[in-house]
Amino acid sequence: MNDLYADIYEIVKKIPAGRVTSYGAIASCIGSRGSARLVGWAMNASRHLPFFIPAHRVVNRNGMLTGKHHFATPETMRELLENEGLTVINDQIVNFSEVFWNPLKEPGIEKKEF
DNA sequence: ACGTTGACCTATA
DNA sequence: GTATAGGCCAACG
């Protein structure tokens with residue numbers, strides 16, 4: 001595992017329950033602004049990791065569950081999000097702006113660049 | 001090694 | 001406001 005993936009996992013693991021973030025925010029945290037796709041690949045690889053990664057709390061900028069199809073079952077992501085108090089309708093998070101968790105705004109996050 | 005794809009984002013029209 | 005184009009890095013065939 002590279003440090004890049006480690007940073008991604010560190011940030012994702014720090015996401016509080018009932019909150020969601022976007023790939024771009026994480027990508028910005030690690031310094032690669034346009035490398036949001038790397039976060040997606042990291043999430044896909046997170047399944048193979050021994051520890052649990054709340055990848056269901058990571059959605060795209062639109063708040064749409066684009067990666068639900070990559071979970072064990074497409075319903076897994078929605079179930080997990082609803083279990084944390086979030087509302088998901090038609091693969092879309094309701095009140096996304098309110099439940100959005102910005103890692104750049106949170107202290108204790110290793111910010112590479114701005 | 002080259003071309004394509006992918007859980008995306010930003011910019012311009 | 002939506003639609004289209006370009007870019008980014010890594011993995012797969």
Side-chain angles (χ1 to χ4, degrees):
Chain A
M1 177 195 315
N2 293 356
D3 295 333
L4 199 67
Y5 278 50
D7 290 338
I8 295 175
Y9 297 141
E10 278 294 305
I11 296 172
V12 175
K13 281 192 292 187
K14 282 171 182 164
I15 301 177
R19 291 296 186 94
V20 286
T21 187
S22 58
Y23 304 92
I26 300 174
S28 297
C29 259
I30 64 180
S32 301
R33 183 171 62 103
S35 311
R37 298 186 149 190
L38 270 302
V39 184
W41 266 107
M43 296 299 106
N44 191 12
S46 69
R47 296 195 311 162
H48 305 286
L49 293 179
F51 27 83
F52 173 72
I53 300 293
H56 58 276
R57 297 178 190 158
V58 184
V59 295
N60 63 338
R61 206 68 173 150
N62 252 339
M64 179 177 170
L65 308 177
T66 53
K68 70 160 194 174
H69 217 266
H70 282 258
F71 277 79
T73 61
E75 296 181 357
T76 306
M77 194 169 188
R78 180 179 59 83
E79 285 291 315
L80 288 169
L81 288 173
E82 288 189 350
N83 191 13
E84 299 194 351
L86 299 183
T87 309
V88 179
I89 298 178
N90 194 0
D91 302 337
Q92 181 84 21
I93 297 178
V94 184
N95 299 333
F96 177 67
S97 302
E98 296 190 9
V99 297
F100 180 75
W101 181 79
N102 194 339
L104 290 169
K105 197 177 180 183
E106 275 289 321
I109 302 292
E110 299 181 10
K111 293 178 291 189
K112 296 290 180 179
E113 293 182 16
F114 177 69

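Protein chains get the first letters and strands the later ones, always in sequence-line order, with residue 1 at the start of each. Owing to the predicted nature of the structure, the values given are computational and were not obtained by experimental measurement.
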Taken to the nearest whole Å, CG/A/L49 to P/B/dA7 is 18 Å
Looking only at B/dC9, B/dA7, C/dA11, the nucleotide nearest the A/N60 side chain is B/dC9
Over all strands shown, is A/A55 touching base, sugar-phosphate only, or nothing at heavy-atom distances under 4.0 angstrom? base
Next item on the list: Spell out, yes or no, whether A/L86 and A/F100 are grouped together once hydrophobic residues are joined by side-chain heavy atoms under 4.5 Å, including indirect joins.
Entry: yes
Against the side chain of A/R61, the closest entry in B/dA7, C/dA11, B/dT10 is B/dT10
Item to complete: Identify whether A/L49 and A/V12 are in the same connected component of the hydrophobic contact network (ILVMFWY, side-chain heavy atoms under 4.5 Å).
Response: yes
In whole angstroms, the gap separating P of B/dC9 from CD1 of A/I26 amounts to 10 Å
In whole angstroms, the gap separating C1' of B/dT4 from CH2 of A/W41 amounts to 12 Å
Rounded to whole Å, the CD1-C1' distance (A/I8 to C/dA10) equals 11 Å
Sequence neighbours excluded, the answer for ring pair (Phe, Tyr, Trp, His ring centres under 6.0 Å) partners of A/F71 is none
So SG of A/C29 and CG of A/L104: to nearest 0.5 Å the spacing works out to 4.0 Å
Students often get this wrong, so: under 4.0 angstrom with heavy atoms, is A/N44 touching a base, only sugar-phosphate, or nothing?
base
Taking the same atom, C1', in B/dA7 and in C/dT4, what whole-Å distance lies between them? 22 Å
Whole-Å distance, A/D7 CG to C/dC9 P, equals 16 Å
From CE of A/M43 across to C1' of B/dG6 the rounded distance in Å is 14 Å
A/N62 CG to B/dT10 C1', in whole Å, measures 13 Å
Which atoms of nucleotides 11-13 of chain B (N or O only) lie under 3.5 Å from a protein N or O atom, and what are those distances?
none

Among C/dA11, B/dC9, C/dC9, the one nearest any side-chain atom of A/Y5 is C/dA11
When rounded to whole Å, the NE2 to P distance for the pair A/H70 and B/dA7 reads 3 Å
Closest of C/dC12, B/dA7, B/dC9 to the A/A36 side chain is B/dC9
| task | Inspect the contact between A/D91 and A/K68 and indicate whether a charged nitrogen and a carboxylate oxygen are less than 4.0 angstrom apart. | result | yes
Which of A/N60, A/I93, A/N90, A/V58 passes side-chain contact (heavy atoms from CB on, under 4.5 Å) with A/L65? Answer is A/I93
- Query: Should A/E84 and A/R57 count as an ion pair when the cut-off is N to O under 4.0 Å?
  - Reply: yes
